[in-house]
Every structure is written in C-alpha cells, then in structure tokens.
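Presented below is the structure to which this report refers.
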There are 2 protein chains.
Amino acid sequence: MNQKSHLKCPMDALLHLIMGPWTTYLLWTLSQNGPLRFGVLKRRLPGISSRVLTQRLRMLETAGVIFRDHRATIPPQVTYGLTQRGVELGGVLNDLEVIARRWDMVSETENIPVTQGDTGH
Amino acid sequence: MNQKSHLKCPMDALLHLIMGPWTTYLLWTLSQNGPLRFGVLKRRLPGISSRVLTQRLRMLETAGVIFRDHRATIPPQVTYGLTQRGVELGGVLNDLEVIARRWDMVSETENIPVTQGDTGH
DNA sequence: TAAAGTAGGTACTTTAAAGTAACCAGTAGA
DNA sequence: TCTACTGGTTACTTTAAAGTACCTACTTTA
C-alpha cells in the first residue's frame, strides 16, 4: 500500500482530505467565522503560504466541503465558506477535539486492555 | 507552522497520530479481531513493512490507544490490542466512515452553502 | 510615478516520512 | 547442519509534500 490507498477506500479518502497541515485549522476558522475572503483567511492562519492555502481550498472545494464564490470585480473578490458537508465534517472534528482535550487532561491515567467482544463493533 | 503544530494543539496531536498510512486499517483490524500478535497483524495488513508496523504500534502504544503484551518466551510472543482509548477512537473513526460512505454514494448531489450562524458551533 | 491590495500561479529547494533490504538472537524441527 | 520462525532494528534510498520566493493583471490612492 501507499499514499494512494484513498483511491479505493472512502474512509482513507476522507482522512487524506483532512490530515494535512492547516486543513483542520482552516475548517475550524470557517466554522467559527462563517464565509471569509481569501486574504482574510490567510491572515487568520498566520504563517500559511498562498500556495498551500490555495491547494487546501481547492481540495476541500473538490470534495464538496467548502464552496467558492468568485466575483470578477476589480480587485477580485473570492469568498469561501462551509457547505452542508463541511458542517457535517465539522461535527465529527468537534467530537475528535472533545476526546483530544479529555485525553490531554488525564494523560497520566491507566490504559485498560479491552477483551474481544467489548469493542462495540 | 509546520508538522510540529501537534506540540501545541491536542487536536493536531490526535490527527497526527491517526493520519499516516496504515494507522486506521491497523486500528480497524484490532477492533474487528481483538488482540493480535505482531506476525498475524502483519499478515492482515498485506504490504506493510515491519518497520512501519513497528512505528505505528509504538506511536499508538505511547498515545495509550493500544496495549502491548510481551512474553519473553522462545520464540517471543507479543500481542497488541485496543485500550479504552482505542475503543473511544474507534467510535469516532466509525462515525467518519459512515459519513465517508454516504458521501461516496451521493457524490453527485448539491453542495449547499451555509450562512453564518447556521453552523451549530 | 510608484506603491499597495486583490487572488492566486510557477519554479525551485528542502524535508519528513515511507519503502527496501539486510540483519539480529535463540530454539525447534527436518 | 541448515532452515525457518519469532519480533523486531538498522542503514540506505526514494518520493510526496511543504516551504520559499518571485511573478502576474488591474486599479486605486498617495
């Protein structure tokens, strides 16, 4: 297997979509502030390059997670925001964050082995 | 920012933990089959190298997501399984997979913009 | 006249991580 | 005695992706 495993598995495709640097921050920023223009977004993600920001926005747009609203005015005005899918994804990311925070708080606690049949799957 | 952003943010730490190739397959395999020995695990992930499998197992063990049961017999016998944290994580991964499958099914449907205030955050 | 803001695109460099292959100890079995 | 199995480790190579820097066109403002 290699990085292209997402060509077969929808789960991998989704993880591949959100796993890169900046991506979750980007989604988070959009979910907190609503639709934002390119330049504003760039300023809210201090350190990100135009190149990577553009890549991320294109990926997410292709996946239908964000929308792109382009007005060919001068200067141009391009706004990005979450779609319904983006909101769905945000929900799961929120669950993940709740877990992440909880684990951080109690990182010194025990790790309990789980016997087969208890996993809930 | 760079790959080390997980040093600050628990969310990034968690994503960084599960995002690599093989990791979710590994967790999935353990959740479906219960604790497994190294060699069995390797055979259930066709194509993975010992090197990467070991790395993944170490990462997950350090994070408290799996446990390692080592018996210094000859030949040695090392078993890995999910901890409580592993089960929790499995739950969220399952949610993600449900979404991934649904999106795949309806990939031709509309992507609806969401106005500020509707995001539920 | 020159700078700044708009939303990126392009070329080159760098780096982190994955892949590959060989190797280890110790014993059982042919 | 030679092989294979156990669970890895180590060194080297390769590649995908991120970083860096500079470029565009068009207009307004100083």
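First the proteins, then the strands, lettered A, B, ... as listed; each starts at 1.
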Could you tell me the separation between the NE2 atom of B:His16 and the P atom of D:dA18, rounded to a whole number of Å?
12 Å
Would one find a side-chain N or O of B:Arg71 under 4.0 angstrom from OP1 or OP2 of D:dG7?
no
Quick check: do A:Phe38 and A:Pro76 have side-chain heavy atoms less than 4.5 Å from each other?
no
Rounded distance in Å - CZ (B:Phe38) to P (C:dC24)
18 Å
For A:Leu17 and A:Thr23, work out which heavy atoms get closest and say how close.
O-CG2, 3.5 Å
Got a donor-acceptor contact below 3.5 angstrom from the A:Arg56 side chain to the A:Pro21 backbone?
yes
Consecutive-pair stems (3 or more, Watson-Crick or G-U, under 3.5 Å) for DNA chain D:
C:1-5 with D:26-30, C:7-24 with D:7-24, C:26-30 with D:1-5
Report the residues that fulfil side-chain contact (heavy atoms from CB on, under 4.5 Å) with A:Thr62, sequence neighbours left out, ordered by chain and then residue number.
none
Distance in angstrom units between B:Arg43 CZ and D:dG8 P, rounded
13 Å
With heavy atoms under 4.0 Å as the rule, sort A:Thr54 into base, sugar-phosphate or nothing.
sugar-phosphate
Rounded to the nearest Å, what distance is computed from the CZ atom of residue A:Arg56 to the C1' atom of nucleotide D:dG19?
12 Å
Using the P atom on both, measure C:dA22 against D:dT3 and round to a whole Å.
16 Å
May I ask you to verify if any side-chain N or O of B:Arg51 is less than 4.0 angstrom from the OP1 or OP2 atom of C:dA17?
no
Quick one: B:Tyr80 OH to D:dG8 C1', roughly how many Å, whole number?
8 Å
Quick one: on DNA chain D, does A:Gln55 or B:Val40 contact a more 5' nucleotide (nearest heavy atom)?
B:Val40
